[in-house]
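Start at 1 with the first residue, then count along the sequence. Only this structure's heavy atoms are used, side chains among them; waters, hydrogens and symmetry mates stay out.
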Amino acid sequence: YSETQILREVYNITLNTFPKSSEEEVQTVLRKYKVGEDQKVALDVFIREGVGVCRHKALLAGVLLEKLIKDGYLKGKVSVDRNSDLRGGHAWVRYTSPTGKVYILDASLHWVGLLEDGVKLGIWNYKRPNE
């Protein structure tokens with residue numbers, strides 16, 4: 001498989017893992033498991049429930065990419081990035097290939113592709129402050 005095929009598959013897995021994706025549904029899960037304010041909760045709770053917003057989707061995609069890098073299927077670097085604008089806060093995964101190409105995996109805004117393309121299309125400002 002090519003690097004872009006693997007990235008697209010990770011994106012698809014992430015998208016399909018969280019069919020319910022509202023903050024209200026996240027709060028329902030937190031109440032169900034009696035999770036207190038600012039208390040840590042395992043990502044697998046949200047995976048089991050099929051509920052997750054951008055931060056959950058970004059974390060899952062990041063974990064999957066880290067595993068693929070560790071197992072030698074990918075050779076780049078991965079990070080979970082976030083920022084905010086007038087629409088609020090947002091999180092996504094950034095994958096930098098060994099050749100320096102920067103890809104964005106954003107299952108919440110339904111985008112997987114090159115950073116500059118996502119910015120040009122107005123999906124989100126995925127750039128870091130120094131870019």
Original post:
With no hydrogens and no angle check, is any side-chain donor or acceptor of D117 less than 3.5 Å from a backbone partner on G113?
Top reply: no
Original post:
Step by step, would you call Y103 with L115 a side chain to side chain contact (heavy atoms under 4.5 Å, CB included)?
Top reply: CA-CA 5 Å; Y103 294 90; L115 176 144; over 6 Å; no
Original post:
Would a hydrophobic clustering, with Ile, Leu, Val, Met, Phe, Trp and Tyr connected at side-chain separations under 4.5 Å, put I6 with V93?
Top reply: yes
Original post:
W92 vs Y126 aromatic rings, parallel, tilted or perpendicular, using cut-offs 30° and 60°?
Top reply: perpendicular
Original post:
Within the distance-only criterion (no hydrogens, no angle test), does the side chain of S84 pair as donor or acceptor with the backbone N or O of G88 below 3.5 angstrom?
Top reply: no
Original post:
Do R8 and N12 come within less than 4.5 Å of each other through their side chains, counting heavy atoms only?
Top reply: yes
**OP:** Looking only at non-hydrogen atoms, find the nearest pair between T14 and K57 and report the distance.
**Re:** CG2-O, 3.3 Å
Original post:
Which atom pair, heavy atoms only, marks the closest approach of C54 to S108?
Top reply: CA-OG, 3.0 Å
**OP:** Step through the shown structure and confirm whether more than 12 heavy atoms of other residues, nucleotides or ligands are within 6.0 Å of CD on E24.
**Re:** no
Original post:
Given the rule that I, L, V, M, F, W and Y join up when any side-chain heavy atoms are under 4.5 Å apart, are V102 and V112 in one cluster?
Top reply: no
Original post:
Less than 4.0 Å between a side-chain N and a carboxylate O, is that true for E3 and K75?
Top reply: no
**OP:** Kindly give the heavy-atom pair with the smallest separation between I69 and G76, and that separation in Å.
**Re:** CD1-O, 3.2 Å
Original post:
When hydrophobic residues are tied together by side-chain contacts of less than 4.5 Å, even through go-betweens, does L43 share a cluster with L68?
Top reply: yes
**OP:** Show your reasoning for whether side chain to side chain donor-acceptor pair (under 3.5 Å) applies to N83 and W124.
**Re:** CA-CA 10 Å; N83 66 19; W124 190 264; 2.5 Å; yes
Subject >> D44 (side chain) donor-acceptor with I47 (main chain) under 3.5 angstrom >> reply: no
Original post:
Under 4.5 Å between side-chain heavy atoms, hopping through other hydrophobics if needed: is there a path connecting L30 to Y33?
Top reply: yes
Original post:
Roughly how far, to the nearest 0.5 Å, is the NE2 atom of H90 from the CZ atom of R87?
Top reply: 8.0 Å
Original post:
Can you check whether T96 reaches K101 side chain to side chain, under 4.5 Å on heavy atoms?
Top reply: no
Original post:
Would you say Y73 has more than 12 foreign heavy atoms packed within less than 6.0 Å of its OH?
Top reply: no
**OP:** Using a strict cut-off of less than 4.0 Å between a Lys/Arg side-chain nitrogen and an Asp/Glu carboxylate oxygen, indicate whether E131 and R94 qualify as a salt bridge.
**Re:** yes
Original post:
How far apart are the C-alpha atoms of K32 and E49, what are their side-chain angles, what is the distance that settles it, and do they pass the salt bridge (charged side-chain N to carboxylate O under 4.0 Å, His left out) test?
Top reply: CA-CA 10 Å; K32 177 180 177 179; E49 295 291 330; 2.8 Å; yes
**OP:** Give the intermediate values and the outcome of side chain to side chain contact (heavy atoms under 4.5 Å, CB included) for residues W111 and L105.
**Re:** CA-CA 6 Å; W111 171 254; L105 286 79; over 6 Å; no
**OP:** Measure from the side-chain N and O atoms of E25 to the backbone N and O of S21, and report whether any donor-acceptor pair falls under 3.5 Å.
**Re:** yes
**OP:** Taking side-chain hydrogen bond (donor to acceptor under 3.5 Å, both in side chains) as the test, write out the residues that go with E23, two or more places apart.
**Re:** Q27, R55
Original post:
Strictly by modelled atom types, are R128 and S79 linked by a side-chain donor-acceptor pair under 3.5 Å?
Top reply: yes
